[in-house]
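Here the structure is laid out as structure tokens; the discussion comes afterwards.
A quick note: this is a predicted structure, and the numbers were derived from the prediction, not measured. Here is how names work: the chains are called A, B, and so on, in the same order as the sequence lines, proteins then strands, and each is numbered from 1.
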There are 2 protein chains.
Amino acid sequence: MLNLTRDGEYAVRAVLYLSSQPEGKISLISEIAETQEVPKSYLSKIMQHLVRAGLVRSRRGINGGFMLARPAESITMRQAIEAVEGPIFLNICLVKKGECHRDDFCPVHPVWKEAQRRLLEVLDGKTMAALASDGEALSKKVKKKQK
Amino acid sequence: MLNLTRDGEYAVRAVLYLSSQPEGKISLISEIAETQEVPKSYLSKIMQHLVRAGLVRSRRGINGGFMLARPAESITMRQAIEAVEGPIFLNICLVKKGECHRDDFCPVHPVWKEAQRRLLEVLDGKTMAALASDGEALSKKVKKKQK
DNA sequence: GACAATAAAGATGATTTTAGTCCTATTTAT
DNA sequence: ATAAATAGGACTAAAATCATCTTTATTGTC
Ligand code: SF4
Ligand code: SF4
């Protein structure tokens, strides 16, 4: 259906939240869930995926919680999404050569290849650090407007 | 999940097939189904959508079948897909302003907007006439290789 | 008018995905 | 020990996906 699932959406929100926190701070799942408006028990699953994918580090027990496993500059939007949704393929023939047996004579195949390239270019080009900085700028603007 | 459904895939195949036929020729559903490797009864539904969307014209009864309703030069890949899948939105916030109430302060929103713009640029930029011509060139190449 | 060929329309259904919830186990600081 | 946290797995309702089948309507030919 060519659209993002809630998994992907929530993953981006969660990683972005962690990226916006001060270096070294540990965030609770309930804190992320509330600010990012994600159901807490659902978010729990998302966070597990992010940990396994190596984007986020977790600590259990008292004073536990989540923090980024790597610098926000090194995490792209694509990585956050693919951590929970798996690799992005706009059409099955992009999975690998031969996945659709028509691919060697199909004129549509190259179009999907190009479309996917352009889409990923955008998602690869946006780091969580950049998003966090954009977010700060935006929240200043919004506050000004509310005056 | 960010990938095309069989509906969209089959719609493109069907319209492309019609675009590759000689001007004015009427094609049977069984003929399209066989050459394009689409289940016949499924294709029947797809064709109905294409007719209602105004891309294809149908005729019932003996000597009936399908043909393009407009020149192949004026039908884009996007139109074929959207005729059966509905409008493409990579994320819900692209449906319309306010669909996600976070959109006015969300730094991720503009990224999806840009990603979608680039994706649609590709799909809008490919007409069925162009695909048909690419297809002809490809089939010549494939035949040469088989020698 | 009967008949055969063809698409239109709608009912049905199996399977998978989506979008969650809930409960128990495990880890950890005090 | 205990309380506070995440980890992990079982479960579920609703929707989407990918079809199939049957009946109806239309149309050309004899
Ligand atoms: S676009 Fe062509 S190659 Fe890709 S899935 Fe469709 S038929 Fe196969
Ligand atoms: S990207 Fe931002 S605006 Fe779009 S759906 Fe997610 S939160 Fe809402």
Report the distance from atom [atom1] of [X] to atom [atom2] of [N], rounded to the nearest whole Å.
| X | N | atom1 | atom2 | value |
| --- | --- | --- | --- | --- |
| Ile32(B) | dT6(C) | CD1 | C1' | 13 Å |
| Arg57(B) | dA8(C) | CZ | C1' | 17 Å |
| Leu43(B) | dT6(C) | CG | C1' | 14 Å |
| Ile26(B) | dA7(C) | CD1 | C1' | 11 Å |
| Asn3(A) | dA15(D) | CG | C1' | 13 Å |
| Leu50(A) | dT6(D) | CG | C1' | 14 Å |
| Leu2(B) | dT18(C) | CG | P | 10 Å |
| Tyr42(B) | dT22(D) | OH | P | 20 Å |

Ile62(B) side chain, from C-beta outward: closest of dA7(C), dC18(D), dG28(D):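 Nucleotide nearest to Ile62(B)'s side chain: dG28(D).
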Candidate nucleotides dG28(D), dA19(D), dT27(C), ranked by approach to the side chain of Arg60(A) - the nearest: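 Nucleotide nearest to Arg60(A)'s side chain: dT27(C).
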Heavy atoms only, 4.0 Å cut-off, all strands: where does [X] land among base, sugar-phosphate and nothing?
| X | value |
| --- | --- |
| Ser58(A) | sugar-phosphate |
| Met1(A) | sugar-phosphate |
| Ser41(A) | base |

Check: dG10(C) base within 3.5 Å donor-acceptor of Lys45(B) side chain: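 Yes, the side chain and the base share a sub-3.5 Å donor-acceptor pair.
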Which residue lies more 5' along DNA chain D, comparing Arg6(B) with Gly61(B) via nearest heavy atoms: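 By nearest-heavy-atom nucleotide position, the 5'-most residue is Arg6(B).
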Residue mapping more 5' on DNA chain D - nearest nucleotide basis, Asp7(B) or Asn63(B):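 Taking each residue's closest nucleotide, the earlier one in sequence belongs to Asp7(B).
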Looking at [N], I'd like to know if its phosphate oxygens (OP1 or OP2) sit under 4.0 Å from a side-chain N or O belonging to [X].
| X | N | value |
| --- | --- | --- |
| Arg52(B) | dA9(C) | yes |
| Gln48(B) | dA8(C) | no |
| Tyr10(A) | dG20(C) | yes |

ILVMFWY network linking Tyr17(A) to Tyr42(A), side-chain heavy atoms under 4.5 angstrom: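 Cluster IDs for Tyr17(A) and Tyr42(A) match.
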Verify same cluster id: Leu120(A), Phe89(A) (apolar side-chain graph, 4.5 Å):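 The answer is yes; both residues are in one hydrophobic cluster.
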NZ (Lys25(A)) with more than 12 external heavy atoms under 6.0 Å: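 Atom NZ in Lys25(A) is packed in, count exceeds 12.
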Met67(B) versus Gly24(B), closest heavy-atom pair with distance: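 Distance-wise, the nearest heavy atoms are CE-CA, 4.0 Å.
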Distance-minimising heavy-atom pair for Pro107(B) and Asp134(A):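 Smallest interatomic distance, heavy atoms only, reads CB-CB, 3.8 Å.
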Residue met sooner reading DNA chain C from 5', once Ser44(A) and Ser27(B) are mapped to nucleotides: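 Nearest-nucleotide comparison on DNA chain C picks Ser27(B).
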